[in-house]
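To keep things clear, I will list the structure first and then write my remarks on it.
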Amino acid sequence: MNISLRQLRAFLAVADTGSFSRAGAQVALTQPAISRHVTELEQALGLLLLHRTTRTVELTDAGRLLCSHLRRVFEDLDASLLEVQGLASHQQGRVRVASSPTLSAHLLPQCIARCQREAPAIHIKLLDRIQHDVLQSVRSAEVDFGVVIDPQDVQDLHTTTISHDPFCLVCPASHPLANHPQVHWRALHGQSLVLLDHASGSRRLIDAALQSHGATASVVQDVGHTATIYSMVEAGLGLSVVPQLAVPAAWMRRQAQPASNELVGRPLVPLVERSIMLVHRQHRALSPVAKHVWEIVAAEAGQLMGFAGIDAA
């Protein structure tokens, strides 16, 4: 079936205006051209779409049905064309981003808010997933790019480090370690710990730091979210090592209170940091609008952690 967009637009203009001459003025065609396009459309469909008289034009049942579908189709088409056109200005479109949980909770909200302020016509769709699934969604092109922690085996992906995030101790204010302005990793030897599980990009780094500093601790719980960790630490189940990005700033300043079950954060020394990285598919350039969002995420992470981000390749 050989039907053109021009024929369909001509028919819809006649349906909207009730006149061939007014339809021609609406779509910048002559009245004979409008009549020819509609006639060709009817011949291609094998159906009469309009009842024509010398004074009126009325839709047939088939014409009304086609008209109702075409309105939706052209609304979607026009919206899609505007979105694609917006790519040229970097200021309009949809960008899909996948992120691991601690980053989804403590970095991406600020990035999305900044994007809404600076480029309100860009819509960011965030997929909050464990790190393995973030990397898979990047590889499968389900998302434009991902935000992850020190990924391994990613030779097939382009990675850019946008920030470094140190690990710190979280414990009740009544715990003896809360009395120190900073805590050595060795001080965790023999302690009960509640840690992020191995699906987190941070856990491998925490385990390596404990081992390298001779701190043999008992991991009593492995959980997926820092909110769960904090509830368990408050309940007295153990201490925790978490990324500083996930620790409220007030906890790092809070003084020890022997009778309090409030939580405090203390820097761990020697400094051990996790690298926050952006990843996209190797040899596949980001669209202009996705690159704009990439740069916003890098800039916001750099401001939060005092790091100069790097643009996408």
Side-chain angles (χ1 to χ4, degrees), residues 1-98 112 114-127 137-138 140-145 280-281 283-296 311-313:
M1 188 179 297
N2 187 18
I3 293 174
S4 69
L5 281 175
R6 178 164 288 189
Q7 292 168 351
L8 295 172
R9 287 195 184 276
F11 163 71
L12 194 58
V14 174
D16 287 339
T17 63
S19 162
F20 282 88
S21 59
R22 288 193 294 272
Q26 179 175 297
V27 298
L29 290 173
T30 63
Q31 180 177 338
I34 290 288
S35 180
R36 184 177 68 256
H37 285 319
V38 173
T39 298
E40 290 171 351
L41 177 61
E42 289 177 322
Q43 291 173 347
L45 292 173
L47 290 167
L48 190 66
L49 300 174
L50 299 169
H51 291 302
R52 304 164 175 83
T53 70
T54 56
R55 303 184 62 181
T56 64
V57 176
E58 295 182 357
L59 292 169
T60 65
D61 289 342
R64 277 190 292 273
L65 178 61
L66 178 61
C67 186
S68 66
H69 289 305
L70 283 181
R71 291 189 200 284
R72 292 194 298 272
V73 168
F74 278 117
E75 283 175 4
D76 290 343
L77 176 61
D78 290 341
S80 298
L81 292 175
L82 284 173
E83 182 176 337
V84 171
Q85 187 179 34
L87 294 177
S89 67
H90 306 186
Q91 296 295 313
Q92 182 173 320
R94 294 186 180 93
V95 178
R96 298 161 298 170
V97 180
I112 294 171
R114 179 169 176 171
C115 190
Q116 287 180 343
R117 292 192 303 270
E118 297 181 4
I122 295 178
H123 174 69
I124 299 176
K125 173 65 175 177
L126 176 63
L127 281 66
S137 66
V138 173
S140 67
E142 182 184 2
V143 297
D144 295 286
F145 65 88
H280 69 75
R281 287 186 296 167
H283 310 306
R284 296 292 183 91
L286 293 171
S287 70
V289 69
K291 188 166 188 264
H292 187 63
V293 173
W294 171 291
E295 291 167 352
I296 287 176
D311 289 345

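Only this structure's heavy atoms are used, side chains among them; waters, hydrogens and symmetry mates stay out. FYI, the numbering just counts along the sequence from 1.
- Annotation for Arg6: atom CZ does not count as buried by contact number, only 12 or fewer foreign heavy atoms lying within 6.0 Å.
- Residues passing the ring pair (Phe, Tyr, Trp, His ring centres under 6.0 Å) test with Phe11: none are found, sequence neighbours excluded.
- For Val27 against Arg9, the heavy-atom pair with the smallest separation is CG1-O, 4.4 Å.
- Among residues two or more places apart in sequence or in another chain, the side chain to side chain contact (heavy atoms under 4.5 Å, CB included) test is passed with Gln7 by Ile3, Ser4, His37, Glu40, Leu41.
- Interatomic distance, CD1 of Ile296 versus CD1 of Ile124, reported as 6.5 Å (0.5 Å rounding).
- The CG atom of Leu70 sits 10.0 Å away from the CG atom of Leu5 when rounded to the nearest 0.5 Å.
- Leu59 approaches Arg64 most closely through the heavy-atom pair O-NH1, 3.0 Å.
- In terms of heavy atoms, Asp144 sits closest to His280 at O-CB, 3.7 Å.
- Side-chain contact between Glu42 and Leu50: present, with at least one pair of heavy atoms (C-beta onward) separated by less than 4.5 Å.
- Taking Ser35 as the reference, Phe20, Thr39 meet the side chain to side chain contact (heavy atoms under 4.5 Å, CB included) condition, with sequence neighbours excluded.
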When you look at Phe145 and Val95, which way does the side chain to side chain contact (heavy atoms under 4.5 Å, CB included) test go after all the steps? CA-CA 9 Å; Phe145 65 88; Val95 178; 4.1 Å; yes

Please determine whether side chain to side chain contact (heavy atoms under 4.5 Å, CB included) holds for the pair Val143 and Val97, giving the CA-CA distance in whole Å, both sets of side-chain angles, and the decisive distance to 0.1 Å. CA-CA 6 Å; Val143 297; Val97 180; 5.9 Å; no

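- Once rounded to the nearest 0.5 Å, the distance linking CZ of Arg36 with OG1 of Thr30 reads 6.5 Å.
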Derivation of the side-chain hydrogen bond (donor to acceptor under 3.5 Å, both in side chains) call for Ser21 and Ser19: CA-CA 5 Å; Ser21 59; Ser19 162; 2.9 Å; yes

For Asp16 and Arg71, run side chain to side chain contact (heavy atoms under 4.5 Å, CB included): C-alpha distance rounded to whole Å, both residues' side-chain angles, the deciding distance at 0.1 Å, then the answer. CA-CA 10 Å; Asp16 287 339; Arg71 291 189 200 284; 2.4 Å; yes

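- Leu47 has its side chain out of reach of Leu66: every pair of non-hydrogen atoms, C-beta onward, lies at least 4.5 Å apart.
- Nearest heavy-atom pair, Val293 versus Cys115, reported as atom, atom and distance to 0.1 Å: CG2-SG, 4.2 Å.
- With His51 as the fixed residue, the side-chain contact (heavy atoms from CB on, under 4.5 Å) test singles out one of Leu48, Thr53, Leu49: Leu48.
- Residues Leu12 and Cys67 approach most closely at CD1-SG, 3.6 Å, considering heavy atoms.
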